[in-house]
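Structure record follows, encoded as structure tokens.
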Amino acid sequence: MSLLKVRDLSVAARGRNLVDSVSFTLDAGERLGIIGESGSGKSLTATAIIGLLPPGLSATGSVLLDGHEVIGAREGELTALRGAVAATVFQDPLTALDPLMRVGRQIGEVWERTERRAGRPHGKGDTRAAVFSLMDEVSLPEPERIAGAFPHEISGGQRQRVAIAMALACRPKLLIADEPTTALDVTTQKETLALLARLVADHGMTLLFISHDLPVVAGIVDRVVVMRTGVVVEEGPVRQVFATPTHAYTRELLVAAERFDRALGAA
Amino acid sequence: MTAVVASAPRRGASWTWRIGLALVGLHVVVGLLTLVWTPYDPGAMTGGRLSPPSLAHWAGTDRLGRDVLTEVMIGSRIALQVGIGAVSIGAAIGITIGIIAAFATRWRDDALAATLDILIAFPTLLIAMLVVAASEQASLGTAILALGIALSAVVARLTRILAKRVIQTDYVTAARVSGSSWLAIVREHVLPNIWPTLSVNLALQFGLAVIAEASLSYLGLGAPPPNASWGRLLQEAQGTVYSAPFGAIVPGLALVSLTIGVNLFADGLRDLADPLRRGRG
Ligand SMILES: Nc1ncnc2c1ncn2[C@@H]1O[C@H](COP(=O)(O)OP(=O)(O)OP(=O)(O)O)[C@@H](O)[C@H]1O
Ligand SMILES: [Mg+2]
């Protein structure tokens, strides 16, 4: 059964469609990429999927998340659904963490909530052990120091790893990563991607990966959806779409990426 | 978690909050003392009228021959009651409404915001008079309730704006994705993050409440005699401020020292609550 089924999803602001009749499905264990230039509606699609559109925006169509309809659902149902099914990693690792809460506690809170929901009793020591094990899983060094640090006291790459550890603590079926590496430098970017790929494989998670960076997407997903001005213009297996793009826009994206690569190579 | 970072040396930690603490502490001690002892009986005619400071009357006497120091000391207690009472009521009502507005659907939020703007446009005094009228009898409690209600609108508006900013951050979105209820988000993220700014504003409101109580007293809506508030002392001393300035200077100093003390102390609390500011002078 498909974990996520999006049918004719549109997101409108004051009568204007920012996302227009988007449809795709995501089977359990599959890894899907959404690519497209800035402003093409990738993030709005992702937030509509988990029912978290900002005020003023409204969604129509259908989003079946693990068999439950998200569009039009009450906030109470969504809260229960989200926790059990999906978790998100965002673009900017600094705003993704609460600046006033120590890193270890932020991870611990999520873990405790997940345990509570699953009805598993746990003590203080359990949380501490779980936090360190999660930090180990995302390869965070010096767990003692970092757990006791505030977000501004660790590096950008480390912050993103903390955000990933928090997403992991939910044990989600679906991981939504919205440009998780855009704010990082090239080396950190590679490491973070490798980490995400490993975790998704290890935990058998389903992945929805959003990016405007073609090589990044190609390295981590099986299938891509290409978006432009709120519309899906092309969809298919990564190899096929990149080898034989049928839509002019996809070709443009590929040419731009190649030119960019050559420029890097020449430098 | 072990707090390794917290034990790092605090570079040039701010010291002004200590002055604030000392000033507030002084008023608290004096206020508590008046419950068991004052230099003279409150309201008693103890000497000549409008006499200057002397060994018997450190701050002189007023136009009825009462000891000014005694009155000012009792004023400390009343000021603290008014400030703490009004700010607590205002904070409880204001923070609740502000948070609800911040989380509400769009049109409910708009409606609440408009209501708050209208309430804020009403003079505090008018609201206070309405509350007193509704309760049929002027008392210190009514004055505190009135001031608390009046300042709750300001607190609600600030809370709403601050909370909205927090709610829009990625970490709150991430918490919601991971299934946090909105109450959990308020407790874990919203309140801690708005508190540094809010607490400074509440300290400001404390000072304003103490001053506003003076206006209420002036209209006979404040603390009833013989428990004179600083506001009433100031008002009574108005007519004789040239012949007997101490009757106005001493309560004035008391009022200023308490408001400054509360503000300095609140600044220090804010810095403590905010790790980004901690350790900055
Ligand atoms: N809250 C909002 N209200 C109105 N319009 C919005 C809102 N959020 C986004 N938009 C508009 O919707 C369009 C799609 O935005 P979205 O954030 O989904 O783009 P994106 O593909 O994620 O871009 P990027 O790669 O830059 O993150 C943009 O034109 C944007 O200006
Ligand atoms: Mg985006």
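In what follows, chains are A, B, ... by sequence order, proteins preceding strands, each numbered from 1.
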Option in Q106(A), H152(A), R113(A), Q91(A) with maximal non-hydrogen atom pairs under 4.5 Å from chain B: R113(A)
Distance, nearest 0.5 Å, that separates CG of D178(A) from CG of D170(B): 8.5 Å
E188(B) portion near chain A, given a 4.5 angstrom heavy-atom threshold: both
More than 12 heavy atoms from other groups under 6.0 Å of NZ on K5(A): no
Straight-line distance of D92(A) CG to Y171(B) OH, nearest 0.5 Å: 12.0 Å
S178(B) versus R82(A), side-chain donor and acceptor atoms under 3.5 Å: no
Selection from S180(B), A184(B), A174(B), S181(B) maximising heavy-atom pairs under 4.5 Å formed with chain A: S180(B)
Closest non-hydrogen atom pair, T169(B) against T95(A): CB-O, 4.4 Å
pair T79(A)-R176(B): side-chain heavy atoms closer than 4.5 Å: no
Heavy-atom side-chain proximity of T88(A) to T173(B) below 4.5 angstrom: no
For N193(B) against P99(A), the heavy-atom pair lying closest together: OD1-CG, 3.6 Å
Heavy atoms of other groups near R14(A) CZ, more than 12 under 6.0 Å: no
Option from I176(A), I50(A), V89(A) for which side-chain contact (heavy atoms from CB on, under 4.5 Å) with V177(B) holds: I50(A)
Sub-4.5 Å side-chain heavy-atom contact between M101(A) and H189(B): yes
